[in-house]
Amino acid sequence: MIHRLSTLFVRTLRDDPAEAEIPSHRLLLRAGYIRRAAPGGFTWLPLGLRVLHRVEHIVREEMNSIGAQEVHFPALLPREPYEASGRWTDYGPNLFRLQDRRGVDYLLGPTHEEMFTLLVKDLYGSYKDLPLWLYQIQTKYRDEARPRAGLLRGREFLMKDSYSFDLDDEGLQRSYDAHRGAYVKIFARLGLETVIVKAMSGAMGGSASEEFLAPSVSGEDSFVRCSGCDYRANTEAVRIGTPAPVDAASTPPALVVDTPNTPTIQTLVDLLNSRDDLRRPSSPWAAGDTLKNVLVMLRNPDGTRTPLAIGVPGDRDVDMKRLEALMSPLEVEPFGEGDFAARPNLVKGYIGPAALGADKPLGIRYLLDPRVVRGSAWVTGADTPGHHVVQLVCNRDFTADGVADVADVRDDDACPECGAHLRIERGIEMGHVFQLGRKYAEVLGLNVLDDKGKQRVVTMGSYGVGVSRAVAAIAEAHHDDIGLRWPRSVAPMDVHIVIAGKRGDETAPTAEQLATELAAAGLHVLLDDRDGVSPGVRFKDAELLGMPMIVIVGRGVATGVLEIRDRIAGTTTEVPIAQAARHIITCSA
RNA sequence: CGGGAUGUAGCACAGCUUGGCUAGUGCGCCUGGUUUGGGACCAGGAGGUCGCAGGUUCAAAUCCUGCCAUCCCGACCA
């Protein structure tokens, strides 16, 4: 089919829109693929919509090919099922709630576990019906506190979500593996490199969970990738290796020392190194020699708060995201001034292990970073203003209630599998596969009869792909300074023909003829037939719009050749006019 | 929700400090003409509730108050 730029509903922008920061957002706006219509909501223009449809098509093909069946729910949903699952309240302010004219509550679906579960309950009742895999491609709504990054995090977005229904764990595992396999194929076809990382199950409940992340500096998730082996994990799910215990036999007894005005790790280290009586002969004291005790408050589901202390080496901080992932579903809150005031025994800046522990008078549970191993010696607070204790040995001089691997993860940290350096990277979450288990089936009463005639609760999996987000992620992965560079599998058009001649010469008829031949072969051709537009503008627009192949019908026509540029490879080839059509068709196949 | 910035034409921005003629510039758009291999040129034009509401004033894009929105950082995020 021939699409003429003279009539196509698109307007390219010469300047970058000020609101767009990341490349995909900037380029999709500039190239006229999308327009902002609402905070976190976008209008799809013809070229953008073609990309979106092609992404959808690939997702649909791969889902169908594993035997999943497509259904379609409303986006406007009643309150009751979400009330039953608890998510009407659990989802919090991120849920779009609204009322009809009679004041009845509705919501705009953020995800559809409840609806799928009830649909299956409605129609199926026997183990013979299972396994069953259903999916939909649906507009989802989440009242994001802060929509950002264009299509990457909107309040309305397109998502493919599927759900598997099985009788037992083995079946669930097979369903999970099938979806995981389909996802690998989907992202490969979309031209997206993805890294599969272990994820935390989080508030959804359930067990096995993996994320498909597309590495990108614009991504919001961080993950680690080992430079030496194939270990990969979401930062929240990283488990560092535990060093071997240290022999403390030669470590002198612990000693309380006077360290005035040292409320921070840095002031403490500086003081230790400046005092002759405290200086260490081997090497200067470093932040990593100190043990920092961080206090937080945990908010329990019933609203009560419980204090928690975490000991980490002084050169590290507690990573709140990692801590929250570990403590989920409890919420982590800062330890406020009021909390200190209520516990005068805690001396801010000088908190030591002596005061901490569930068995101590304060009753504060105390967890240690895995690096604080048996026998290791530390400088830490002495629970008195202006005093620290040195040579305090773990398991000789103090103990804790357990281990918490929640310190921040850094570049060059050791891989837990092989010990090589870990690299921290950012990624865009493109897909998530999740063994939900029986949570939803239980609360919504999805049972089937097994072969003994007994009621059994169905076990479920849930699997998501961000469809609209994929368009942005692909743009993030495939662009350069001057424009987009769509992979052939999702490009809105196969080839972009630029007429770069003078009015009345042979270039326009040549281009028309070529476009007709290509269209006859089934290609989608974007023909720049605009009148009175200078060649420079045509070239710039072709590069910005990003079709994988650009054909220039210009001065070469006089000598019987066309110029074919590969937008992805950046190469230019001259081809005789007579062979151009076949050449292009071959390359586009 | 906290911190910062911004809001003037489709896009990018100036004007605001120190209130004052008809609110400007570049790009884009329309008409005519000249151009045509890297975002052309000339001439003429259309397009604005200056984010919204209120206030101060003879007079408000400009000063004051409140609100709203957008962007960035953080918090949040199946």
Side-chain angles (χ1 to χ4, degrees), chain A residues 10-22 25-26 29-32 35-41 82 85-87 90-95 109-114 116 140-150 152-155 157 159 161 163 199-206 209 211 220-221 236 320-321 324-325 328-329 331-334 429 431-436 439-440 460-466 482-483 498-505 507-508 528 530-544 550 552-558 563 565 572:
Chain A
V10 67
R11 188 113 300 158
T12 58
L13 305 178
R14 183 186 294 225
D15 299 308
D16 282 334
E19 66 184 34
E21 291 286 321
I22 65 168
H25 191 195
R26 211 182 64 223
L29 280 172
R30 260 194 72 199
R35 297 292 293 172
R36 196 192 82 91
Y82 287 77
S85 69
R87 287 209 293 186
D90 288 354
Y91 224 97
N94 271 16
L95 188 66
T111 171
H112 282 67
E113 278 80 3
E114 289 84 350
F116 275 87
K140 306 283 188 176
Y141 296 87
R142 291 183 198 173
D143 188 359
E144 294 286 349
R146 187 186 151 211
R148 69 187 94 173
L152 284 183
R153 179 171 292 280
R155 301 166 114 176
F157 54 96
M159 174 167 134
D161 52 328
Y163 304 86
M200 303 295 288
S201 320
M204 289 285 287
S209 167
E211 284 174 3
E220 296 185 275
D221 289 11
E236 288 155 28
M320 286 302 161
K321 285 191 171 186
E324 290 199 340
S328 174
E331 288 176 42
V332 180
E333 296 178 359
E429 183 182 348
H432 198 160
V433 289
F434 207 112
Q435 294 193 12
L436 269 185
K439 173 180 169 181
Y440 290 92
M460 294 169 56
S462 114
Y463 318 90
V465 171
I482 55 177
V498 170
I499 301 172
K502 297 179 173 53
R503 191 175 293 164
D505 67 10
T507 53
D528 189 350
R530 291 176 294 179
D531 202 30
V533 174
S534 73
V537 173
R538 294 171 196 263
F539 290 136
K540 293 289 186 201
D541 276 346
E543 284 148 356
L544 177 61
I550 299 170
I552 294 154
V553 185
R555 60 188 169 203
V557 171
E563 228 172 288
R565 294 187 186 176
T572 302

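First the proteins, then the strands, lettered A, B, ... as listed; each starts at 1. Just so it is clear, the model here is predicted, and its values are computed rather than measured.
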For [X] and [N], what is the distance between atoms [atom1] and [atom2] respectively, to the nearest whole Å?
X        : N      : atom1 : atom2 : value
A:Arg153 : B:rC72 : CZ    : P     : 12 Å
A:Asp541 : B:rA40 : CG    : C1'   : 15 Å
A:Arg36  : B:rG51 : CZ    : C1'   : 12 Å
A:Arg530 : B:rG28 : CZ    : P     : 12 Å
A:Arg87  : B:rC77 : CZ    : P     : 14 Å
A:Asn94  : B:rC76 : CG    : P     : 12 Å
A:Glu144 : B:rC72 : CD    : P     : 13 Å
A:Arg148 : B:rC71 : CZ    : C1'   : 11 Å

Restricting to side chain to side chain contact (heavy atoms under 4.5 Å, CB included), what partner residues turn up for [X], sequence neighbours left out?
X        : answer
A:Asp15  : none
A:Ser534 : A:Val537
A:Arg36  : A:Glu19, A:Pro39, A:Phe42
A:Arg35  : A:Leu13, A:Thr43, A:Leu45

Next on the checklist: If you assign each of A:Glu21 and A:Asp221 to its closest nucleotide in RNA chain B, which residue comes earlier from the 5' end?
Outcome noted: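 That would be A:Glu21.
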
Checklist entry - Between A:Arg11 and A:Val465, which has a closest nucleotide on RNA chain B that is more 5'? => result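 Result of the comparison: A:Arg11.
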
Work out how far the [atom1] atom of [N] is from that of [M], and round it to whole angstrom.
N      : M      : atom1 : answer
B:rG48 : B:rA23 : C1'   : 9 Å
B:rC30 : B:rC67 : P     : 44 Å
B:rU22 : B:rG15 : C1'   : 16 Å
B:rA59 : B:rG66 : P     : 23 Å
B:rU6  : B:rA14 : C1'   : 15 Å
B:rC50 : B:rU8  : C1'   : 4 Å
B:rA75 : B:rU56 : C1'   : 40 Å
B:rG28 : B:rA9  : C1'   : 11 Å

Next on the checklist: Between A:Arg155 and A:Gly41 (side chain of the first, backbone of the second, donor and acceptor by atom type, cut-off under 3.5 Å), is there such a pair?
Outcome noted: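 A pair under 3.5 Å: no.
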
Which protein N or O atoms sit under 3.5 Å from an N or O of nucleotides 36-38 of chain B?
{"unit_1": "B:rU36", "atom_1": "O2'", "unit_2": "A:Gly501", "atom_2": "O", "d": "3.3"}
{"unit_1": "B:rG37", "atom_1": "O2'", "unit_2": "A:Arg555", "atom_2": "NH1", "d": "2.8"}
{"unit_1": "B:rG37", "atom_1": "N7", "unit_2": "A:Ala500", "atom_2": "O", "d": "3.4"}
{"unit_1": "B:rG37", "atom_1": "N7", "unit_2": "A:Arg555", "atom_2": "N", "d": "3.4"}
{"unit_1": "B:rG37", "atom_1": "O6", "unit_2": "A:Arg555", "atom_2": "N", "d": "2.7"}
{"unit_1": "B:rG37", "atom_1": "N1", "unit_2": "A:Glu563", "atom_2": "OE1", "d": "2.7"}
{"unit_1": "B:rG37", "atom_1": "N2", "unit_2": "A:Glu563", "atom_2": "OE1", "d": "3.0"}
{"unit_1": "B:rG37", "atom_1": "N2", "unit_2": "A:Glu563", "atom_2": "OE2", "d": "2.9"}
{"unit_1": "B:rG37", "atom_1": "N2", "unit_2": "A:Arg565", "atom_2": "NH2", "d": "3.2"}
{"unit_1": "B:rG38", "atom_1": "O6", "unit_2": "A:Arg565", "atom_2": "NH1", "d": "2.2"}
{"unit_1": "B:rG38", "atom_1": "O6", "unit_2": "A:Arg565", "atom_2": "NH2", "d": "2.7"}
{"unit_1": "B:rG38", "atom_1": "N1", "unit_2": "A:Glu543", "atom_2": "OE2", "d": "2.7"}
{"unit_1": "B:rG38", "atom_1": "N2", "unit_2": "A:Glu543", "atom_2": "OE1", "d": "2.2"}
{"unit_1": "B:rG38", "atom_1": "N2", "unit_2": "A:Glu543", "atom_2": "OE2", "d": "2.9"}

Go through the structure and list residues passing side-chain hydrogen bond (donor to acceptor under 3.5 Å, both in side chains) with [X], not counting sequence neighbours.
X        : value
A:His112 : A:Gln136, A:Lys140
A:Glu114 : A:Ser85, A:Arg87
A:Arg148 : none

Checklist entry - What residues form a ring pair (Phe, Tyr, Trp, His ring centres under 6.0 Å) with A:Tyr141, not counting sequence neighbours? => result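 With neighbours one apart ignored, the set is empty.
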
Checklist entry - Under 4.0 angstrom, heavy atoms only, what part of the nucleic acid is A:Glu220 near: base, sugar-phosphate, or nothing? => result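 Answer is nothing: A:Glu220 stays at 4.0 Å or more from every strand.
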
Checklist outcome for this item: Output field dot_bracket for RNA chain B (Watson-Crick or G-U, both distances under 3.5 Å, | for other-strand pairs) contains (((((((..((((......[...)))).((((((.....)))))).....(((((..]....))))))))))))....

Item to check | By salt bridge (charged side-chain N to carboxylate O under 4.0 Å, His left out) - contacts of A:Asp541 (at least two apart) | outcome: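 Counting only residues at least two positions away or on another chain, A:Asp541 forms a salt bridge (charged side-chain N to carboxylate O under 4.0 Å, His left out) with A:Arg530.
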
Checklist entry - Could a donor-acceptor pair under 3.5 angstrom be found where the side chain of A:Arg30 meets the base of B:rG28? => result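 No, no donor-acceptor pair under 3.5 Å.
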
Distances for protein N/O vs nucleotides 3-12 of chain B N/O pairs under 3.5 angstrom?
{"unit_1": "B:rA12", "atom_1": "OP1", "unit_2": "A:Ala18", "atom_2": "N", "d": "2.5"}

Nearest heavy-atom neighbours spanning [X] and [Y]:
X        : Y        : result
A:Pro17  : A:Arg30  : CD-CG, 3.8 Å
A:Tyr82  : A:Thr111 : OH-O, 2.7 Å
A:Thr507 : A:Gly501 : OG1-CA, 3.5 Å

